[in-house]
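Notes to accompany the following structure.
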Amino acid sequence: MKSKQELRLEYKTKRCQLSLEEETALNEQLLSRFTKLDLSGVEFLHIFIPIGKYHEPNTYLIINYVQEFFPQIKIVVSRSNFDDYSMQHFILDEHTLFEMNSWGIPEPISGIKVASSVIDMIIVPLLIFDLFGYRVGYGKGFYDRFFSSCKVGVQRVGLSFFNPIDVIADKNEYDVQLTKAITPDQIYHFFDDK
Ligand SMILES: Nc1nc2c(c(=O)[nH]1)N(C=O)[C@@H](CNc1ccc(C(=O)N[C@@H](CCC(=O)O)C(=O)O)cc1)CN2
Ligand SMILES: Nc1ncnc2c1ncn2[C@@H]1O[C@H](COP(=O)(O)OP(=O)(O)OP(=O)(O)O)[C@@H](O)[C@H]1O
């Protein structure tokens, strides 16, 4: 069993080793899997803007798809506060302006704020996840804090280029399981998934 620390290093490296062709193909497969999700009942969809230098999944493909085929869904993006590891949420629309923060994350700098309690589905960044739906992120706990402020039943959908490992060795009391995870090969459904 590997620790979060070991897995972070391993999967950061694996992502950086993908060729451009491999990454492009994996991103297209992720989009194709995403289109199989049931989005009925989703009014507010939270999504992350990819950090280019870390080769995160290209969520712009998903954003474009949702904007085209589900124009009624409001897409929500966040600013991160690295002082208290909280996030502030904004509706993404044609007026949203982005600015690169000092961590290389493009973030909205203005717009309509929304409370985390209205969000129905969250597309979750991760480095790797396990067969129980636990995830390893960059290790600041942003998403675990965010999840704990959301409504019960919020869908937490991980996006991963890689298949899950069996089990993450060191979980903590704050870790919140994903309800689903999308990989290029399949969609995983976890414990409380409907
Ligand atoms: N696209 C995206 N946005 C996101 C996240 C994410 O994983 N992906 N986050 C998910 O939580 C939060 C930001 N979390 C982050 C945490 C640490 C670092 C970072 O650069 N950490 C290292 C340096 C990089 C390295 O380890 O090589 C550091 O602490 O120095 C960046 C983002 C909120 N927004
Ligand atoms: N709701 C919370 N309240 C207080 N501390 C928290 C909360 N959630 C997580 N933490 C703390 O944040 C730290 C990072 O957590 P963890 O290692 O699970 O990060 P991660 O899930 O890999 O990262 P991220 O969520 O940023 O992608 C841990 O020390 C954890 O105790």
Side-chain angles (χ1 to χ4, degrees), residues 4 7 11 15 23 26-51 54-78 80 87 89-92 105 114-168 171 174-194:
K4 288 186 182 178
L7 291 164
Y11 283 90
R15 261 195 332 215
E23 204 176 315
L26 292 174
N27 276 313
E28 276 164 15
Q29 286 171 264
L30 285 177
L31 172 65
S32 159
R33 296 277 164 211
F34 179 87
T35 66
K36 305 291 189 293
L37 281 188
D38 178 9
L39 296 181
S40 60
V42 176
E43 191 182 345
F44 290 91
L45 173 70
H46 185 281
I47 194 157
F48 64 93
I49 301 296
I51 306 176
Y54 293 159
H55 297 269
E56 291 187 318
N58 181 4
T59 51
Y60 290 111
L61 300 178
I62 294 176
I63 292 172
N64 291 340
Y65 164 79
V66 173
Q67 286 177 332
E68 179 166 8
F69 294 102
F70 298 88
Q72 76 284 5
I73 293 182
K74 290 178 268 299
I75 298 179
V76 180
V77 291
S78 295
S80 309
M87 301 202 291
H89 317 295
F90 296 87
I91 303 277
L92 177 67
I105 309 179
V114 293
S116 47
S117 55
V118 305
I119 295 165
D120 302 296
M121 180 184 277
I122 304 171
I123 305 302
V124 186
L126 49 83
L127 282 158
I128 194 60
F129 65 106
D130 72 12
L131 289 172
F132 299 89
Y134 285 103
R135 60 181 274 281
V136 180
Y138 296 124
K140 301 274 193 274
F142 275 100
Y143 271 77
D144 291 321
R145 285 180 181 80
F146 175 27
F147 295 154
S148 69
S149 72
C150 289
K151 63 185 171 196
V152 175
V154 66
Q155 292 196 61
R156 301 175 293 273
V157 182
L159 268 192
S160 173
F161 286 143
F162 304 109
N163 293 326
I165 58 160
D166 289 346
V167 59
I168 296 166
K171 288 178 276 284
Y174 298 115
D175 285 336
V176 179
Q177 283 151 288
L178 300 167
T179 58
K180 286 188 178 70
I182 303 179
T183 70
D185 293 334
Q186 72 178 91
I187 299 182
Y188 292 81
H189 300 260
F190 300 112
F191 70 113
D192 62 349
D193 198 10
K194 281 164 225 90

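These numbers were taken from a predicted model, which means no experiment stands behind them.
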**Q.** Gap between atom CG of Asn64 and atom CD of Glu68 - 0.5 Å precision
**A.** 8.5 Å
Q: Heavy atoms only: give me the nearest Ser32-Lys36 pair and the separation to one decimal.
A: O-NZ, 3.6 Å
**Q.** Arg33 side chain vs Ile182 backbone, donor-acceptor pair below 3.5 Å
**A.** no
Q. How would you list, by chain and number, every residue that makes a side chain to side chain donor-acceptor pair (under 3.5 Å) with Ser116, sequence neighbours excluded?
A. Ser149
Q) Do Val157 and Leu178 have side-chain heavy atoms sitting under 4.5 Å apart? A) no
Q. With a 6.0 Å cut-off on ring centres, are Phe129 and Tyr188 close enough?
A. yes
(Q) Tyr174: which residues meet the side chain to side chain donor-acceptor pair (under 3.5 Å) condition with it, sequence neighbours left out? (A) none
Q: Could you tell me which residues satisfy side chain to side chain donor-acceptor pair (under 3.5 Å) with Lys4, sequence neighbours excluded, listed by chain and number?
A: Asp175
Q) Side chains of Tyr143 and Arg156: does their closest heavy-atom pair fall under 4.5 Å? A) no
(Q) Could you check whether Tyr54 and Tyr138 have their ring centres less than 6.0 Å apart? (A) yes
**Q.** By salt bridge (Lys or Arg N to Asp or Glu O under 4.0 Å) - contacts of Glu28 (at least two apart)
**A.** none
Q) Does some side-chain heavy atom of Leu131 sit less than 4.5 Å from a side-chain heavy atom of Phe190? A) no
Q) What closest approach, in Å, do Arg15 and Pro57 show between heavy atoms, and which atom pair accounts for it? A) NH1-CD, 4.2 Å
Q. With sequence neighbours excluded, what pairs up with Asn58 under the side chain to side chain donor-acceptor pair (under 3.5 Å) test?
A. none
**Q.** Distance flag, aromatic centroids of Phe44 and His89, threshold under 6.0 Å
**A.** no
Q: Keeping the roles fixed (side chain from Asp130, backbone from Ile168), state whether a donor-acceptor pair exists under 3.5 Å.
A: yes
Q) How many angstroms lie between atom CD of Glu56 and atom CG of Leu126, to the nearest 0.5 angstrom? A) 9.0 Å
Q: Report the residues that fulfil salt bridge (Lys or Arg N to Asp or Glu O under 4.0 Å) with Lys151, sequence neighbours left out, ordered by chain and then residue number.
A: Asp120
Q: Carefully, step by step, assess Leu159 and Phe48 under the rule side chain to side chain contact (heavy atoms under 4.5 Å, CB included).
A: CA-CA 10 Å; Leu159 268 192; Phe48 64 93; 4.1 Å; yes
Q. Does any donor atom in the side chain of Ser40 or Asp38 lie under 3.5 Å from an acceptor atom in the other side chain?
A. yes
Q) Do the non-hydrogen side-chain atoms of Lys74 and Val118 ever get within less than 4.5 Å of each other? A) no
Q: Kindly give the heavy-atom pair with the smallest separation between Ser160 and Pro184, and that separation in Å.
A: O-CD, 3.1 Å
Q: Check Val176 against Asp144 and note the closest heavy-atom contact, atom names and distance.
A: N-OD1, 3.3 Å
Q. Can you tell me how far OH of Tyr134 sits from CD1 of Ile165, rounded to the nearest 0.5 angstrom?
A. 13.0 Å
Q) Does the side chain to side chain contact (heavy atoms under 4.5 Å, CB included) test come out yes or no for Val77 and His46, once each step is laid out? A) CA-CA 6 Å; Val77 291; His46 185 281; 5.8 Å; no
Q.
Please give me the minimum heavy-atom distance between Leu127 and Gly137, naming the atom from each residue.
A. CD1-O, 3.5 Å
Q: Measure the CE-CD distance between Met121 and Glu43 for me, rounded to the nearest 0.5 Å.
A: 13.5 Å
(Q) Are the side chains of Gln29 and Thr183 in contact, using a 4.5 Å heavy-atom criterion? (A) no
Q) Is there side-chain contact between Ile47 and Val76, with heavy atoms separated by less than 4.5 Å? A) no
Q: Determine whether Phe147 and Val124 make a side-chain contact, defined as any pair of heavy atoms from C-beta on separated by less than 4.5 Å.
A: yes
Q.
Does Ile75 form a side chain to side chain contact (heavy atoms under 4.5 Å, CB included) with Val66? I'd like the steps, not just the answer.
A. CA-CA 8 Å; Ile75 298 179; Val66 173; 3.9 Å; yes
Q) Mind checking whether Phe162 and Tyr11 have ring centres under 6.0 Å apart? A) yes
Q: Provide the closest heavy-atom pair for Phe142 versus Ser80 in the form atom of the first, atom of the second, distance.
A: CE2-CB, 3.6 Å
Q.
Quick one, Leu30 and Phe161 - any side-chain contact, counting heavy atoms below 4.5 Å?
A. yes
Q | Trace of the side chain to side chain contact (heavy atoms under 4.5 Å, CB included) decision for Ile187 with Phe34 | A | CA-CA 8 Å; Ile187 299 182; Phe34 179 87; over 6 Å; no
Q) What distance do Phe146 atom CZ and Met87 atom CE have between them, rounded to the nearest 0.5 Å? A) 4.5 Å
Q: Could you grab the distance from atom NE2 of His55 to atom CD of Glu23, nearest 0.5 Å is fine?
A: 5.5 Å
